[in-house]
2 protein chains.
Amino acid sequence: MNTDGNTGSFYSSDRIVAKYLIETPLPVQQAAEMIAGEQSSGTFVPLPGETEDLKQRARAKVLTIELLESVSQPSLPGARLPRGGGDKFQRAEITVAFPLDNVGLNLPTLLATVAGNLFELCEVSGLKLIDLELPWAFTARYSGPRFGIVGTRKLSGVIGRPIIGTIIKPSVGLTPKQTAEIVRNLGKAGIDFIKDDELMANPPHSPLRERIQAVMSEINSLADRTGRKLMYAFNISDDLDAMLEHHDLVRDAGGTCIMVSLNSIGLAALATLRKHSELPIHGHRNGWGLITRHPMLGVSFVVYQKLWRLAGADHLHVNGLRNKFWEPDDSVLQSIQACLSPLFDGYFAMPVVSSGQWAGQAPDTFARAKTTDLIFLAGGGIMAHAGGPSAGLNSIQQAWEAAVHEIDLQQYAASHPELAAALEQFGNR
Amino acid sequence: MNTDGNTGSFYSSDRIVAKYLIETPLPVQQAAEMIAGEQSSGTFVPLPGETEDLKQRARAKVLTIELLESVSQPSLPGARLPRGGGDKFQRAEITVAFPLDNVGLNLPTLLATVAGNLFELCEVSGLKLIDLELPWAFTARYSGPRFGIVGTRKLSGVIGRPIIGTIIKPSVGLTPKQTAEIVRNLGKAGIDFIKDDELMANPPHSPLRERIQAVMSEINSLADRTGRKLMYAFNISDDLDAMLEHHDLVRDAGGTCIMVSLNSIGLAALATLRKHSELPIHGHRNGWGLITRHPMLGVSFVVYQKLWRLAGADHLHVNGLRNKFWEPDDSVLQSIQACLSPLFDGYFAMPVVSSGQWAGQAPDTFARAKTTDLIFLAGGGIMAHAGGPSAGLNSIQQAWEAAVHEIDLQQYAASHPELAAALEQFGNR
């Protein structure tokens, strides 16, 4: 299975292939067949209408089984042991092929098929969807990111380096006027990108309509002077009617990006928003920990990012190296890689690096991810810099200059005081 | 905390109260403050704009902490131990109050606030959102189920007993014509309710438009003869544009119910669909196992059902006693209870009992849930009955007659051959 994406003729097929990591007290073959049956033609007893012809056509097929280790304790509760006991839980990777005709070109039903009831099966004590191959047919309905990397770079006027940005902090509480002041100062300092916090959408203390006007007024003035427009991702997360209306407000005010909390709005809303949107969609994945943090439950980022790219997300959050969350660095790097691997004829989403980021992560992010196709966001790393937000921004710009030229950060800091101050302030955390 | 719902004057406040079960290697107070900070004003360093006034206004507050047991192994990976080690992980229930003004009347942002980034915190090795109190202000924007129990009973013409129904099986593969034939036969036998499988929405082998025409033609003919209209829940799960279009097709054909896969379409899509829908919305929760199966991760059904009722789901799946999935009976009963507990001024959703159901579960479902306000669905229990689907349906009708009159099932079976046959066929599984 090619986890790098859905390229090549193999995928021009009429089947959907899902790869699962499972754990089961049953013989693995039996559990795998149960999964395939439950998610296609099956019920708990044979049915009158279930002819051989229909079974041949509609039943999902177990393609491969690769045994892994066994464990003595189940990862999840509720697995039923086979008759006569059974004292171990076998782990395995299995692939299951679903006929495309079962699902049609329908993202919500695709999800119901490959990641629906099967998390509830008592035949497994663990189940994680770890990869998904989709036939090209999906491109007929889902066009993927409208802007992606190239379009985002064009709109923001940044090439050859990461798009450097920040999140408006404090997360909540600022008025539109206070927000616009922060934007003005950061804009003057040359920042590429600013986003609302995911906790800030359209609250009474900062109505989105007013925030758009106040912020875009600053951004448009600045763009008139510099010829380059700061990209601001307005958090329009809401019911779909409201999101469409707010998208129009952003566009009409000259804005160049909208942001949504992906898990909170859902796949159907994103796909519909994508059809109407004339702006890049910044996809925030808050709630992601619920979906993936347990190693034997949920969905991997490899699958997650394919679904949201297909539905139209232009930017996808991936955490960052040495983030303040639970996620290990290797996992972050795999997520960056996933967003930058082709899906169908590209459908690239720009990985958004964030969480506890400051100048210090630039060199190893570049060395290990081997790309500048990133949106690199620092909150405190910019806003709390001892020299002020402008110096904070400079420190990160300098760190990325050093990184792409493979110059040691300490060495570069000798002639770059903002970077030096950042290393001094944040270097021993 | 009143887990029965949001009734009484206490809730007419301006705050959102979330209750979490957490597990942490840190002192619980410290972890709780971290959660409150992260999900309101916080970042990893103090910020210039974060004034005392703003903190007072915007910061979430830890209300209560109740210590539970401690464990020696973390439930989730990635929790960072405090300096100097720490060899146990303390569990606790905590409640956190968020100012309503932080969020506004915005369901996706509510979710981002109470169930967003915090699953990723390295300060916890387990986190489950187990209850949620919402201020009445939400009713100004979210009207809850449009039909609920009373509306569903009116449309289906069933009072004083559960609405008895089935799922079209096999799950996938049948043509519209074959589906309509099944509907005709079950309709003649007097079934109240039929639903599409969650795997069946609008696939090439059964286009929804054709299925609606074929099925409603049978249902309308039958209703003309009997004066009572069988409720059929058409699975319209799709992008929102398509769902709205398909809703109209169902309505125009005289249909009385639409069904969606809640987790696949998302909260924003449901809330928008609710605004436009003239039909009850049957909420299927496939994917639910991912959200709740691990005891120390995710969201409880108490919270889940409040969110979806608020967004407008009229029916909510809850599994059933002795279901074929992992879920224990006590959990199923709590879920039924949750749907039938008032939220604001009612907002009741009809619990949908399903999964491995047949006549045998009627008596203890009634005895333990103490209600007939249920949609009771049997797949194989109807369709695979040795006497055919009509006899299968009769066996369940008879079982519920016995149940509500508290007559022993075996005794009732002596004069009801379809029930007797069901006990014979399914009784020893």
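So that the names make sense, note that chain A is the first sequence line, chain B the second, and so on, each numbered from 1.
For B:Pro328, no part lies under 4.5 angstrom from a heavy atom of chain A. When heavy atoms are compared at a cutoff of 4.5 Å, A:Ser206 does not approach chain B at all. Interface remark: A:Leu297 contributes side-chain atoms only to the contact with chain B (heavy atom separation under 4.5 Å). Looking at A:Val260, neither its backbone nor its side chain comes within 4.5 Å of chain B, counting heavy atoms on both sides. Of the two parts of A:Pro77, the backbone and the side chain both hold a non-hydrogen atom closer than 4.5 Å to a non-hydrogen atom of chain B. For A:Thr113, the parts lying under 4.5 angstrom from a heavy atom of chain B are both the backbone and the side chain. For B:Lys128, no part lies near chain A; criterion is any non-hydrogen pair under 4.5 Å. Only the backbone of A:Ser125 comes within contact range of chain B, with at least one heavy atom under 4.5 Å from a heavy atom of that chain. Looking at A:Arg293, both its backbone and its side chain come within 4.5 Å of chain B, counting heavy atoms on both sides. Using a 4.5 Å cut-off between heavy atoms, B:Ala79 touches chain A through backbone and side chain atoms alike.
Put simply, CG on A:Asp241 and CG on B:Leu273 are 10.5 Å apart, with the number rounded to the nearest 0.5 Å. Interatomic distance, B:Ser171 OG to A:Glu38 CD, rounded to the nearest 0.5 Å: 7.0 Å. To the nearest 0.5 angstrom, A:Leu290 atom CG is 9.0 Å from B:Leu127 atom CG. Of the inter-residue distances, the one linking A:Thr109 atom OG1 with B:Ile265 atom CD1 reads 10.5 Å to the nearest 0.5 angstrom.
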Open item on the list: Run A:Val172 and B:Val103 through side-chain contact (heavy atoms from CB on, under 4.5 Å) and show every step you take.
Closed with: CA-CA 9 Å; A:Val172 289; B:Val103 178; over 6 Å; no

TODO: Go through A:Thr272 and B:Met243 one step at a time and tell me if the side-chain contact (heavy atoms from CB on, under 4.5 Å) criterion holds.
DONE: CA-CA 10 Å; A:Thr272 305; B:Met243 287 197 287; over 6 Å; no

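A:Ala268 approaches B:Asp238 most closely through the heavy-atom pair CB-O, 3.2 Å. Considering all non-hydrogen atoms of both residues, B:Ser261 and A:Ala112 come closest at OG-CB, 4.0 Å. Closest approach of A:Leu111 and B:Asn263 over heavy atoms only: CD2-O, 4.4 Å. A pairwise comparison of heavy atoms in A:Pro204 and B:Gly104 identifies CD-CA, 3.9 Å as the closest pair.
Inter-residue side-chain proximity for B:Leu199 and A:Asn102 is flagged as unmet; no heavy-atom pair is nearer than 4.5 Å. Residues A:Asp239 and B:Pro108 have side chains in contact (heavy-atom distance under 4.5 Å, counting atoms from C-beta outward). Contact check for A:Asn323 versus B:Glu120: no side-chain heavy atoms found under the 4.5 Å cut-off. In this structure the side chain of A:Leu121 reaches within 4.5 angstrom of the side chain of B:Phe325, judged on heavy atoms.
With chain B as partner, the option from A:Gly298, A:Ser75, A:Gly289, A:Ser264 having the largest number of non-hydrogen pairs under 4.5 angstrom is A:Ser264. Ranking B:Ala58, B:Gly173, B:Pro99 against chain A, the residue ahead of the rest is B:Gly173, based on heavy-atom pairs under 4.5 Å. For the options B:Asp101, B:Leu267, B:Asn319, heavy-atom pairs under 4.5 Å to chain A are most numerous at B:Asp101. For the set A:Arg141, A:His276, A:Lys275, the entry with the most heavy-atom pairs within less than 4.5 Å of chain B is A:Arg141. When the candidates A:Cys122, A:Pro207, A:Ala242, A:Gly266 are compared by the number of heavy-atom contacts under 4.5 Å with chain B, A:Cys122 comes out ahead. Heavy-atom pairs under 4.5 Å with chain A were tallied for B:His205, B:Arg80, B:Glu327; the largest tally goes to B:Arg80.
The residue from A:Glu198, A:Lys324, A:His284 that alone fulfils the side-chain hydrogen bond (donor to acceptor under 3.5 Å, both in side chains) condition with B:Asn117 is A:Glu198.
In this structure, the side chain of A:Asn106 engages the main chain of B:Ser237 through a donor-acceptor pair within 3.5 Å.
Judged as a side-chain contact (heavy atoms from CB on, under 4.5 Å), and not counting sequence neighbours, the contacts of B:Ser143 are B:Arg274.
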